[in-house]
*Asks:* 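Sharing a structure below in structure tokens format, with a few things to ask.
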Amino acid sequence: MEYTQLGRTGLKVSRLVLGTMNFGPQTDEATSHAIMDTALDAGLNFFDTANVYGWGENKGRTEEIVGSWFARGDGRRDRTVLATKVYGNMGADGEAWPNHDKLSAVNIRRAVEASLKRLGTDHIDVYQFHHVDRSTPFEEIWQAVDVLIQQGKILYAGSSNFPGYKIAQANETAARRGAVGLVSEQCLYNLFERRAEMEVIPAAQEYGLGVIPWSPLHGGLLGGVLKKEAEGKRRTEGRAAATLADPASRAQLQAYEDLLDKHGLEPGEAALAWLLTRPGVTGPIVGPRTPAQLTSALRALDVELSEEVLSALDEIFPGPGPSPEAFAW
């Protein structure tokens, strides 16, 4: 396993991040434990979750599954860099109280304590803001974070789904307070969705944040969806179905699969390998539902994409270009 620093910190993390969103809703506890064991045995040490995972009436269930895995001992917690998130309303559906979500000091304190209890640990390594809270000033957010760091309940703070200007605003505010600020940004980024290259990733690089792409296969579309569809192995729905209904998008995906077939590459592994070549990327999040999906993701670490393939991928999925040149001269 290859390791890298998380942004400008001294924290060493694996080039792949284990996403746990499917643990509970899609994957039972025993299988989830097996996946985490396999990941840790392979050297994958960076695990990502969120307080709302489990969804609906089962919010928090995913953190509980991770916590029950830690409770099995054998150094599991000590060998894991644990990241979770705060923002979503954790009140029971239909009973969402006004201070049970977002990033007020009140909710941050409440959410940390609840996550620590579910996870069965005394600290969270990277505590991430799941979304921008436009109604809470960063002065208040950092005040709450400073207290938690002093108490040893969290070590670092990160963001998720932040635009570039909010990354700048957050870290400039932190700097004025003499605080470390954000050390990571978790953003939607893959071959099909490259808008993060315009503002988010440059801001992250400028402020020393590690970039953690989520949905690296764009909901499965970059995992060989057309071939699976033709073989009757996959039925698309939701966003994926809408994308495939668009002739231009379907043509892109066909060209993508044809290119990788020509070079003997597996689409899902190639999509992950491409992200590992991108400037500023710490490691993409892989969210396996099964042990086999994790094994496939781990193989991406050994995939080397030639300059020919990289150039062809840029032609099929052109990026937006840097800012401001993408929209100005």
*Asks:* Applying side chain to side chain donor-acceptor pair (under 3.5 Å), can you list everything that pairs with S306, at least two apart in sequence or on another chain?
*Replies:*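 Testing S306 for side chain to side chain donor-acceptor pair (under 3.5 Å), a comparison that skips the adjacent residues, returns none.
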*Asks:* Applying salt bridge (charged side-chain N to carboxylate O under 4.0 Å, His left out) as the test, list every pair that has at least one member in residues 253-267; sequence neighbours left out.
*Replies:*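 Applying salt bridge (charged side-chain N to carboxylate O under 4.0 Å, His left out) to every pair that reaches into residues 253-267, excluding sequence neighbours, yields nothing.
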*Asks:* Does any N or O in the side chain of R118 come within less than 3.5 Å of the main-chain N or O of T62, such that one atom is a donor and the other an acceptor?
*Replies:*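 A pair under 3.5 Å: no.
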*Asks:* Mind checking side chain to side chain donor-acceptor pair (under 3.5 Å) for Y207 and listing every partner two or more places apart, or none if nothing turns up?
*Replies:*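 Here the qualifying residues are E172.
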*Asks:* For M21, which residues count as a side-chain contact (heavy atoms from CB on, under 4.5 Å) partner, sequence neighbours excluded?
*Replies:*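 Scan of M21 (side-chain contact (heavy atoms from CB on, under 4.5 Å), adjacent residues dropped) gives Y53, W55.
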*Asks:* Could you name each residue pair satisfying side-chain hydrogen bond (donor to acceptor under 3.5 Å, both in side chains) that touches residues 97-107, not counting sequence neighbours?
*Replies:*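 Non-adjacent pairs meeting side-chain hydrogen bond (donor to acceptor under 3.5 Å, both in side chains): zero.
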*Asks:* Apply side chain to side chain donor-acceptor pair (under 3.5 Å) to T31 and list each qualifying residue two or more places apart in sequence or on a separate chain.
*Replies:*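 Checked T31 against side chain to side chain donor-acceptor pair (under 3.5 Å); matches are D28.
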*Asks:* Going by the side-chain hydrogen bond (donor to acceptor under 3.5 Å, both in side chains) test, which pairs reach into residues 310-321, not counting sequence neighbours?
*Replies:*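 Residue pairs with at least one partner in residues 310-321: R194-D314.
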*Asks:* Output all residues satisfying side-chain contact (heavy atoms from CB on, under 4.5 Å) with I149, sequence neighbours left out; order by chain, then residue number.
*Replies:*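 In terms of side-chain contact (heavy atoms from CB on, under 4.5 Å), with neighbours along the sequence ignored, I149 is linked to V145, I154.
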*Asks:* Quick one: which residue pairs count as a side-chain hydrogen bond (donor to acceptor under 3.5 Å, both in side chains) with a foot in residues 241-251, not counting sequence neighbours?
*Replies:*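 Counting only pairs at least two positions apart or across chains, the side-chain hydrogen bond (donor to acceptor under 3.5 Å, both in side chains) contacts touching residues 241-251 are E229-R250, D246-S249.
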*Asks:* Which residues pass the side-chain contact (heavy atoms from CB on, under 4.5 Å) test with D37, sequence neighbours left out?
*Replies:*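 Testing D37 for side-chain contact (heavy atoms from CB on, under 4.5 Å), a comparison that skips the adjacent residues, returns W69, R72, R76.
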*Asks:* Residues two or more places apart in sequence or in another chain: which of them pass salt bridge (Lys or Arg N to Asp or Glu O under 4.0 Å) with K85?
*Replies:*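 If we apply the salt bridge (Lys or Arg N to Asp or Glu O under 4.0 Å) test to K85, skipping adjacent residues, the hits are D48.
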*Asks:* Have N190 and W274 got a donor and an acceptor in their side chains that come within less than 3.5 Å?
*Replies:*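 Side-chain D/A pair, N190 to W274: absent.
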*Asks:* Among residues at least two apart in sequence or on other chains, which ones pass side chain to side chain donor-acceptor pair (under 3.5 Å) with T121?
*Replies:*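 Partners of T121 under the side chain to side chain donor-acceptor pair (under 3.5 Å) test: R77.
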